[in-house]
Amino acid sequence: MFKKILIANRGEIACRVAATARRMAIRTVAVYSDADAHANHVRACDESVYLGGSAPKDSYLRWQKILEAAKATGAQAVHPGYGFLSENEEFAQACADAGLVFIGPPPSAIKAMGLKAESKQLMEKADVPLVPGYHGSDQDPTLLQREADRIGYPVLIKASAGGGGKGMRVVEKAGDFASALASCQREAINSFGDDAVLIEKYVQRPRHIEIQVFGDTHGNYVYLFERDCSVQRRHQKVLEEAPAPGMTETMRKQMGEAAVAAARAVNYVGAGTVEFIVEQRVDGSMNFFFMEMNTRLQVEHPVTEAITGLDLVEWQLRVASGEALPLAQDQLQIHGHAIEARICAENPDNNFLPATGTLHVYRKPQATAFQRSRVRIDDGVREGGVISPFYDSMIAKLIVHGATRGEALARLDAALAQTHIVGVATNVQFLRGILRTDSFANAKLDTALIERERAVLFDQEALGLPLAAAASIAKTLLDEAATSSADPFSRRDGWQSHGVALRPFAFEFRGEPQAVELSYLHDGTLMLQVGEVSGPLVIGRFPTGELEVEFNGQRHTLDVYQDQDTACVFAAHGATKIVAVDRLAHAGDVQAEGGRLTAPMPGKVVSFSVRAGDKVSRGQPLAVMEAMKMEHTIAAPADGTVEELLYMPGDQVTEGAELLRIAA
Ligand code: ADP
Ligand code: ADP
Ligand code: MG
């Protein structure tokens, strides 16, 4: 076994690899960028080497520098994690050339699976079932159109070099094909430097079911069963679970064997995942088709660890050091059910726009033990840390295990309720919303689940104004009481004393101004009026810090965090935010953005679709920005003429930076 390895990654996966290495008494070397100088993964390792600037191309993608770091520290092997260099065959080859073990498959296997089109040609030869489609090298647009017509609409155009859901376009009818092709090619060239595409039949309401495989250098292969990753937004996974609901033993064996055949066809070594798209028939039967193979450890590997009781990173290290696979197929078993939720810095109500900021509050559920534990948290951040625009938006993964799916689901909901994040928008409440949908709760899974449940998901009022206002006021009063020695209720400005003392509060809740009035009766009772709702307010604080708030006939135990003017309220059944408005300070506050067009978030300018002098109309796309692996189109707010472009494609811009100027 290795004595020392270098982990060529950051964030949760670097911490996760370091944890297993530590358990196996293997020393670890971290690498880091400017933005990560104090990151958890640096602390998690025994040594660390600085790589360069925050942008991945200046740090985590600089493989020459990473190889030098490995040499300088005496590391014998390199673990690439996922993303970054993990699927780069040149890097894998360069490791070998430098006398280092790449903890992953041989470069030839990465290359063979790297392009979706080529890998499909290989899979066809290995008798792995494929989605009907075209994956040839001839990219003549008329030929592509003809192939799409032959396959039959709807079809899906994919970037052959693609990943992360990028570049994919669904085409509903022949007339839309040409423009969808052009737009896919454009995104493909920008993102992957390669505009080759393939066309597939678009499977309706499919499930994404993937198989974890492992190979060793002695020619042994096993499959570690399946994961269902159907719950997706933007073709990216949100919730993953194992085993897949409704999977029969026969189909599990067929898919497992097809996945092993795929791995064998490219002489695969180490951990890999074969992704299948699964068609659901009306009669309940399922057809599976090969989609792609990811030649690395997958983000969602912990659900497999939970149901098998294995440590897949340990397996990777054993295989990479030349050992045979620890177990054979007939020694592998599924225990219970596991679900993973990806907690991301993003705003589900605003088209999942990634968010950045400081984690003022980051409280997580109590974890128990490790692989087979009932609640596991894999993360690479801590309270006070920053979610920067340079890397992807995943903050943490919450993995739960239970004897049944129902048990795991309940446990996940409880764990999400205990996940309190303030300072950065997250999808935590959205995830809880998904768990409560009829589709997810009853395992009616397919990739359109979020879209189908839209009405329920995007109109959730788990925690309404009365409780939010009561919580914010309780927090204010209790904090005042704690910091002032005199009776806090007698000395406040704005209080009147005509029999009762009145204290007005002004809030903003879900974008709407709200006036709320608190009165203080002589007998010490607090009376609260929130719109139509009024009644006594009873408040208290537990020694552990939670507030007890009783209002409107209900009593709640709440965690309330004050983030400047905003009270972030967490209850067992949901969470919300309410802003205390200082009416004087905001009186003359009008939005006067005029013709300025600003970056909604820090990121990179990808392209402008207009030039100075162009006339534009309201809603017309003007520029494309990229941040945290997503593209955002900036549209004209009104009709006008473009005066000036203030950046060039490729420029990094900060949030609020003015991108171009438009005159009315
Ligand atoms: P998984 O199948 O493991 O969930 P994802 O597609 O979510 O894989 O990607 C896993 C990681 O790989 C991402 O978090 C990101 O770091 C990296 N990645 C994948 N595709 C891309 C891409 N197109 N551009 C940049 N990074 C990518
Ligand atoms: P990526 O490399 O970006 O992960 P994949 O080929 O793995 O691309 O596809 C990503 C997702 O897109 C899948 O999980 C699935 O939701 C959807 N998808 C892919 N192929 C098809 C298809 N032929 N029909 C319907 N949906 C598909
Ligand atoms: Mg994929």
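Since this is a predicted model, take the numbers as computed values, not measurements. Every number for a ligand or one of its atoms is a count from 1 in the order of the listing.
- Nearest to atom 18 (N) of ligand 2 by heavy-atom distance, out of V170, L130, D446, I277, is I277.
- Contacts between V203 and ligand 2 below 4.0 angstrom, taking non-hydrogen atoms only, involve backbone and side chain alike.
- Backbone and side-chain nitrogen or oxygen atoms of E200 are examined, and one is located within less than 3.5 angstrom of a nitrogen or oxygen of ligand 2.
- Using bins of under 30°, 30° to 60° and over 60° for the plane-to-plane angle, the ring pair F214/W315 lands in the perpendicular bin.
- Rounding to the nearest 10°, we obtain 90° for the angle at the Mg ion (ligand 3) between E292 OE2 and E275 OE1.
- Atom CD of E300 and atom CD of E240 lie 4.5 Å apart (nearest 0.5 Å).
- When each atom of ligand 2 is checked for a heavy atom of G165 under 4.0 Å away, the hits are 1 (P), 3 (O).
- One finds a salt bridge joining E257 and K253 here, because a Lys/Arg side-chain nitrogen approaches an Asp/Glu carboxylate oxygen to under 4.0 Å.
- With no hydrogens or angles considered, no side-chain donor-acceptor pair links R186 and S607 at under 3.5 Å.
- Considering backbone and side-chain atoms alike, L156 places every N or O at 3.5 Å or more from each N or O of ligand 2.
- For ligand 2, none of its N or O atoms has an N or O atom of T447 under 3.5 Å away.
- Salt bridge status for R234 with E346: absent, with no side-chain N to carboxylate O gap under 4.0 Å.
- The existence of a salt bridge linking K173 and D176 is confirmed by a sub-4.0 Å separation between a basic side-chain nitrogen and an acidic carboxylate oxygen.
- In the vicinity of K201, heavy-atom distances shorter than 4.0 Å reach the ligand 2 atoms 22 (C), 23 (N), 24 (N).
- Heavy-atom distances between Q204 and ligand 2 stay at or above 4.0 Å for every pair.
- Within the listing of ligand 2, atoms 7 (O) sit less than 4.0 angstrom from a heavy atom of E275.
- In the vicinity of E292, heavy-atom distances shorter than 4.0 Å reach the ligand 2 atoms 1 (P), 2 (O), 4 (O), 5 (P), 7 (O), 8 (O).
- Within ligand 2, the atoms closer than 4.0 Å to a non-hydrogen atom of Q232 are 11 (C), 13 (C), 14 (O), 15 (C), 16 (O), numbered from 1 in the order shown.
- In terms of heavy atoms, A18 sits closest to I7 at N-CD1, 3.7 Å.
- Counting heavy atoms under 4.0 Å from ligand 2, residue M168 touches it through the side chain alone.
- Those atoms of ligand 2 with a heavy atom of H208 less than 4.0 angstrom away are 13 (C), 14 (O).
- A distance of 11.0 Å separates CD of Q145 from CG of D140, quoted to the nearest 0.5 Å.
- In this structure, the separation between CZ on F290 and CD1 on I277 is 12.5 Å, given to the nearest 0.5 Å.
- No side-chain heavy atom of P80 sits less than 4.5 Å from a side-chain heavy atom of R296.
- When each atom of ligand 2 is checked for a heavy atom of G162 under 4.0 Å away, the hits are 2 (O).
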